[in-house]
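Working notes for the structure below.
Starting from 1, each residue takes its place in the sequence as its number.
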Amino acid sequence: MRKMHLICNAHLDPVWLWRKAEAMGEAISTFTVAANFCEKYDGFVFNHNESVLYEWIKENDFELFERIKELVKQKKWIIPGGWYVQPDVLMPCGESIIRQIRVGNKFFEKHLGEVQKTAIGFDAFGHSRGLVQILKKCGYENYVFLRPREMKCEPFIWEGFDGSKVCAYKLYEWYNTPKGEALERVKAYNKDFGDRKINALTWGIGNHGGGPSEKDLNDINDYIDGCDDTEIVHSEFDSYFNELNKDGLNTKSESLVHCFVGCYTTMALVKQGHRRLESILSLCEKMLCLSEIEYNEKDFEDAEKALLFIEFHDILPGTAIKKAEADSLNLIGYGIEIAERLVWKSFIHMCKGQKKAVDGEIPIMIYNPHPYEIISDFEVEFQMAEQNHPDNGIYDIDIVDESGKTVSCQLEQEDSAHGMDWRKKAVFYTKAAPMSITRLNCRLKLNKGFVKVKPYNETNNNIVLENKSLYIEIDKHTGKLNKYICDGINVINSLDIRVYKDSADPWGMETDAFDEYIGVFKPSRSAIVTENGDVRTKVQTFWKYSKSSAVITYIFSKNSRHLDVNIKMLSGDENIMYK
């Protein structure tokens, strides 16, 4: 006889067309209804995976949390996957996905017991093949998802880049059901897949919570009692996968994309802030470990949870309302502030024991968090002991390493535009030892003839940037990149900011690509060399399209094989995007 595992859930977005506070109230309501049904109906099973919702319940309705704990013991309430939220799984780095798993599982194991071996990605807009290795090595055997929608509803073996494999299942139709329509979904599935021996189907009111409705549950139970060709049970995903015959399943060795391409171009500030928080958390962990300082672990956990919440699949992809975007930016700032405070505390602790600086020297400390030496350009700002009036001349610098050897250095425009010679920005090229503090000393010297921007190479038409690996020409009159030669090979002939048609749809539901070309930025004034010294050269170029402007700054390191390009945009046109 055929068998169908009915998996009741409630898809509840912590943020989407609403803000977090509304979702907190909906979580209490949804979980209360689910708990009531679990206690009232024999055999009924409820499933939900995101630990952040359980944290809200624990903090705001402890009596309900205790009821859920008892239902989990009775296996009437199931926790599949056990991640912190259902995140986007394309943009976060692999370490962030591991954080989602670790933080969520830690909560469940402490308060509610073990989670199941099936990870949930119901509403993510695509799934990287790199996820398979993470799932497998974190103890998961299965993965359930919905998108891309055009994929066939079926189980298959999903293979990662390293050969890791999990059994994956593409959901039928949707992860939720409208109120009163769950039974119709059951019948439709039976009609479409009448030849399958083992089946799984999700149901329950979702998107804004809801879970099981009493009408749906009664309709389904009545249908179960009268169904003689299919065994239908209230169940969970692990049971489905355990009974599934995996022999002969197709293997997919690819990422499960693409879907909703607009998600990866909207709410850029959230995406940028997420990457900054992701990076500083990684740095913070390394420094806390190495410095061995005492700190409140909850501080780091709060910063980490800020990152994990931002990775929710309607926040990071940029598909939530404007107020939710503002809340998200506040949360990113909160996480960064905590992490930066811990970073500076660790850094200061690691700098203890340094020998006293001699008069006239400014000590510079570099911390390299990596297990290998870094040779690079570094920059630092510092304050001189006293103001110096520029009429006396300008203070220049020499920088020496710990052996007393002079390193290449130069002064650049500091962040402050203060007119006094008091604040300094030093740029220098040196080595930073692995996982430790590297000290250099900056020596000040009064230079009455100091010129900030040194002479640079140029022809009648071009600014020329050249070192042992690179030869670059930038048109003086237009700012165009005319030539970029690396190790004798012409890499590119130009760099353009092109303009393409966009829409207000944050998902990009009606397109597979933004490829309708409508124009290009044109030069608006001559190029300017803003910095030039022994370490690097900066060239600013200026561009215009309709009501939009751009400043492209080329940063040429005299010791590097690459050219940094910094683009600052002022967008004044509607429904366009730049490439």
Side-chain angles (χ1 to χ4, degrees), residues 8-37 46-65 67-68 77 79-89 92 99-100 103-104 107-108 111-112 120-125 146 174-179 202-213 263 266-267 270 273-274 301-302 304-335 506-507:
C8 182
N9 75 107
H11 188 77
L12 174 54
D13 293 330
V15 170
W16 183 33
L17 307 181
W18 47 84
R19 299 169 73 185
K20 186 192 296 184
E22 184 175 335
M24 288 181 174
E26 185 60 37
I28 292 173
S29 175
T30 297
F31 280 23
T32 297
V33 170
N36 290 343
F37 288 179
F46 182 72
N47 299 259
H48 197 85
N49 69 313
E50 295 164 297
S51 72
V52 67
L53 299 187
Y54 291 84
E55 287 184 15
W56 293 349
I57 300 298
K58 184 174 182 293
E59 292 169 2
N60 297 290
D61 193 338
F62 189 71
E63 181 181 349
L64 174 59
F65 186 78
R67 290 173 64 195
I68 293 171
W77 190 297
I79 302 162
W83 296 15
Y84 187 72
V85 296
Q86 288 188 35
D88 176 86
V89 288
R99 290 186 193 276
Q100 290 282 351
V103 172
F107 175 86
F108 287 122
H111 298 289
L112 294 169
I120 302 297
F122 284 170
D123 211 18
F125 307 136
L146 175 68
W174 211 253
Y175 43 73
N176 61 350
T177 50
K179 184 177 180 180
T202 54
W203 70 281
I205 303 170
N207 270 353
H208 194 261
S213 76
C263 295
T266 55
M267 288 191 185
V270 172
H274 163 261
E301 290 173 0
D302 286 348
E304 186 175 45
K305 286 181 178 178
L307 174 73
L308 301 184
F309 195 82
I310 292 303
E311 291 172 346
F312 180 69
H313 61 259
D314 279 314
I315 297 177
L316 186 55
T319 54
I321 58 174
K322 187 70 175 176
K323 289 180 179 178
E325 179 190 28
D327 292 343
S328 300
L329 292 173
N330 287 339
L331 186 57
I332 289 170
Y334 171 71
W507 287 274

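- Contact of the L112 side chain with the F65 side chain is registered, since non-hydrogen atoms from C-beta on lie closer than 4.5 Å.
- Pairing each heavy atom of A23 with each of P14, the nearest pair is CB-O, 3.1 Å.
- Counting only heavy atoms from C-beta outward, the side chains of E304 and V103 approach each other to under 4.5 Å.
- E301 meets the salt bridge (Lys or Arg N to Asp or Glu O under 4.0 Å) test with K106; sequence neighbours excluded.
- For the pair I120 and W83, the minimum side-chain heavy-atom distance is 4.5 Å or more.
- For the atom pair L17 CG and D314 CG, the distance stands at 8.0 Å (nearest 0.5 Å).
- Judged by distance alone, the side chain of E325 and the main-chain N or O of A320 form no donor-acceptor pair under 3.5 Å.
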Practice item. Using the salt bridge (Lys or Arg N to Asp or Glu O under 4.0 Å) rule, take E311 and R99 through it: C-alpha gap first, then chi angles, then the decisive distance, then the call. Key: CA-CA 11 Å; E311 291 172 346; R99 290 186 193 276; over 6 Å; no
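- Proximity of F31 to Y54: side-chain heavy atoms (C-beta onward) are separated by under 4.5 Å at one or more points.
- Annotation: side chain of D13 is in contact with side chain of D123 (closest heavy-atom distance under 4.5 Å).
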Point to revise | Evaluation steps, side chain to side chain contact (heavy atoms under 4.5 Å, CB included), between R67 and N36 | key: CA-CA 9 Å; R67 290 173 64 195; N36 290 343; 2.7 Å; yes
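- Residues passing the side chain to side chain donor-acceptor pair (under 3.5 Å) test with H48, sequence neighbours excluded: E50.
- Using a 4.0 Å cut-off between charged nitrogen and carboxylate oxygen, E22 and R19 do not count as a salt-bridge pair.
- A heavy-atom distance below 4.5 Å is not found between the side chains of L53 and I57.
- Checked by atom type and distance alone, the side chain of T202 pairs as donor or acceptor with a backbone atom of W174 at under 3.5 Å.
- In this structure, V15 and A324 approach most closely via the heavy-atom pair CG1-CB, 3.3 Å.
- Between I310 and V270 there is a side-chain heavy-atom pair separated by less than 4.5 Å.
- Nearest heavy-atom pair, P80 versus N49, reported as atom, atom and distance to 0.1 Å: O-CB, 2.7 Å.
- Looking at every heavy atom in both residues, C8 comes nearest to P212 through SG-CB, 3.6 Å.
- Ring centers of F37 and F46: at least 6.0 Å apart, outside the cut-off.
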Exercise for review: Start with the C-alpha distance between F125 and T319, add both sets of side-chain angles, then the distance that settles side chain to side chain contact (heavy atoms under 4.5 Å, CB included), and finish with yes or no.
Suggested key: CA-CA 11 Å; F125 307 136; T319 54; 4.1 Å; yes
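- Formation of a donor-acceptor pair under 3.5 Å by the Q86 side chain with backbone atoms of A124 is not found in this model.
- Distance check: I28 CD1 to T32 OG1 gives 7.0 Å after rounding to the nearest 0.5 Å.
- A pairwise comparison of heavy atoms in S51 and F107 identifies CB-CD2, 4.0 Å as the closest pair.
- Panel note: side chain T177, backbone W203; no donor-acceptor pair is recorded below 3.5 Å.
- A cation-pi contact links K20 to F309, judged by a cut-off of 6.0 Å to the six-membered ring centre and 45° from its axis.
- If you take NE2 on H274 and CE on M267, they are separated by 15.0 Å, rounding to the nearest 0.5 Å.
- I332 approaches G273 most closely through the heavy-atom pair CG2-O, 3.5 Å.
- Residues satisfying the ring pair (Phe, Tyr, Trp, His ring centres under 6.0 Å) criterion with W18, sequence neighbours excluded, are W16, H208.
- Between N9 and F122, some side-chain heavy-atom pair lies under the 4.5 Å cut-off.
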